[in-house]
Amino acid sequence: MRTGAPEVPATGVWAEVVGQPDAVGTLHAAADAARRQVRGEPVPPGAMTHAWLFTGPPGSGRSIAARALAAALECEDPDELGCGRCTACRTVLQGTHADVKLVVPEGLSISVAEMRALVQAAARRPSTGQWRVVLIEDSDRLTEGAANALLKAVEEPPPRTVFLLCAPSDHPEDVSVTIRSRCRVVQLRTPLAGAIAEVLRERDGIEPELAEWAAEVCGGHIGRARRLATDEQVRERRESVLRIPLGLQRFSDVFTAASGLVKLAESEAVTANEERNEAEREELKTAMGAGGTGKGTASATRGANAALKELEKRQKSRATRSQRDALDLALVDLAGFYRDVLVTRTGSGSALNHPDFARSSQKAATEWTSESTLRRLEAVLECRTALNQNVKPLIAVEAMLATLFTG
């Protein structure tokens, strides 16, 4: 996307938006127009708008770019937009700013009740900052009712409210046409490996060789590159997934590998949520007066038990989503492997998704035809679709692996 916006130095909150100079230029110009608008100065029509849609592939930094804009809108530094140092910038990035509401779906969807409450809050004037900002990550998870509730607010927005939506694309399957038509779209691209490696080295202090490897195999996903570079268990899980294609020697291996893959995703989901779940339970018990004595204890206990059941329900929904996200990431890795096999067979010279598994893809390229490789790749993609349609994970994975075995 070439916008003609001036290049913005990668400092402050903008340093987090890796490999997106055009988008940063557009967002910085909009934040500047917003600041001048607050001061009562004239600004060009359309320089700042009340609704934005950030799109791009996984790992491109949609929510990071949206948070950077939110921080720049609230920034207290008189000379720099999005300084990253002031209280407003820091609280926005930490998700604690009073006027910036972050919606991060923990379940499989965003309900209409949640969205109606959010729209009501968005109608209020800013309390401490210059703007009231509503940032919705994964807005493609809005139910139809929730999307309709949001549409009303986007159609008639309060004067100092900005909506920032994040979605994989502006396709109607991800964002309704009516909502999209009222948003200014910012299209992000997959960051280059060099830019990711530089961030890992300079900001995270990762050893150069490890940073370059993580940047090459992360598929352009900055967050995953950081996890690969810093967590040995993440590296081991990736390797176990990429050993599956050549590890299917007997049909019985299909069921063993399927069970292992699903358990791997379950384990990752538990690891990701365990500490948070326990902290939420303890916090709720304390708030409900757990361990108290005296008059009213019995009714308080009943209320606490009901609240705990509701919390467990939300945590179960979050665990389901985490498991599916982990499983989907494994499927993306598998798809990348079969793509590498096709690249090797054709001798195109294109960069491999998994260069550290080049020997395995070379071996597969000598044993499989291009047609059978494509069938395997299609099976992986069909499995992703099945999971999105709520097919039981084990059944979907077993069906996929049966095709991977037979070709």
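Note that this is a predicted model, so its numbers are computed, not measured.
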Exercise for the section: Decide side-chain contact (heavy atoms from CB on, under 4.5 Å) for Val175 and Ser139; before the verdict, give the C-alpha distance in whole Å, the side-chain angles of both, and the deciding distance to 0.1 Å. Expected result: CA-CA 7 Å; Val175 181; Ser139 60; 4.2 Å; yes
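- Side-chain contact check for Glu266 versus Leu327: every heavy-atom pair is 4.5 Å or farther apart.
- Around atom CZ of Arg116, no more than 12 heavy atoms belonging to other residues, nucleotides or ligands sit under 6.0 Å away.
- Within 6.0 Å of atom CD in Glu209, 12 or fewer heavy atoms from other residues, nucleotides or ligands are found, so the atom counts as exposed in its surroundings.
- The shortest side-chain heavy-atom distance between Ile222 and Arg227 does not fall under the 4.5 Å cut-off.
- Between Arg359 and Asp340 no salt bridge is recorded (no basic side-chain N to carboxylate O distance below 4.0 Å).
- Within the 4.5 Å cutoff, side-chain heavy atoms of Arg235 are placed close to those of Glu232.
- No side-chain donor from either of Thr49 and Arg184 sits under 3.5 Å from a side-chain acceptor of the other.
- Residues Val380 and Leu331 share a closest heavy-atom pair of CG1-O, 3.3 Å.
- Sorted by first then second residue, the ring-ring contact (aromatic ring centres under 6.0 Å, His included) pairs that include residues 41-95, not counting sequence neighbours, number zero.
- Pairing each heavy atom of Ala365 with each of Thr344, the nearest pair is CB-CG2, 3.9 Å.
- No hydrogens or angles considered: a donor-acceptor pair under 3.5 Å links the side chains of Arg324 and Asn390.
- Within 6.0 Å of the CD atom in Gln94, the count of heavy atoms belonging to other residues, nucleotides or ligands exceeds 12.
- A salt bridge links Arg203 with Glu16: the distance from a Lys NZ or Arg NE/NH1/NH2 to an Asp or Glu carboxylate oxygen falls below 4.0 Å.
- The closest side-chain heavy-atom distance from Val103 to Leu118 is below 4.5 Å.
- Side-chain contact check for Ser372 versus Thr369: some heavy-atom pair is nearer than 4.5 Å.
- For residues 215-226, every residue pair satisfying the side-chain hydrogen bond (donor to acceptor under 3.5 Å, both in side chains) rule, not counting sequence neighbours, is listed here: Asp204-Arg226, Arg224-Asp333.
- Asp140 and Ala167 get closest at one heavy-atom pair: OD1-CA, 4.3 Å.
- Listed here is the closest heavy atom pair of Val154 and Ala51: CG1-CB, 4.0 Å.
- Side-chain atoms of Leu164 and Leu69, non-hydrogen and from C-beta on, do get closer than 4.5 Å to each other.
- Using a 3.5 Å distance cut-off with no hydrogens or angles, the side chains of Trp131 and Asp99 do not pair a donor with an acceptor.
- The two residues Ala88 and Glu74 come nearest to each other via the heavy atoms CB-O, 3.2 Å.
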Salt bridge (Lys or Arg N to Asp or Glu O under 4.0 Å) for Arg376 and Glu371? Distances and angles first, verdict last.
CA-CA 9 Å; Arg376 291 178 167 96; Glu371 291 76 11; over 6 Å; no
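- Residues Val241 and Arg243 form no side-chain contact, since every pair of their non-hydrogen atoms from C-beta on lies 4.5 Å or further apart.
- Residue pairs meeting the salt bridge (charged side-chain N to carboxylate O under 4.0 Å, His left out) criterion with at least one member in residues 28-38, sequence neighbours excluded: Asp32-Arg36.
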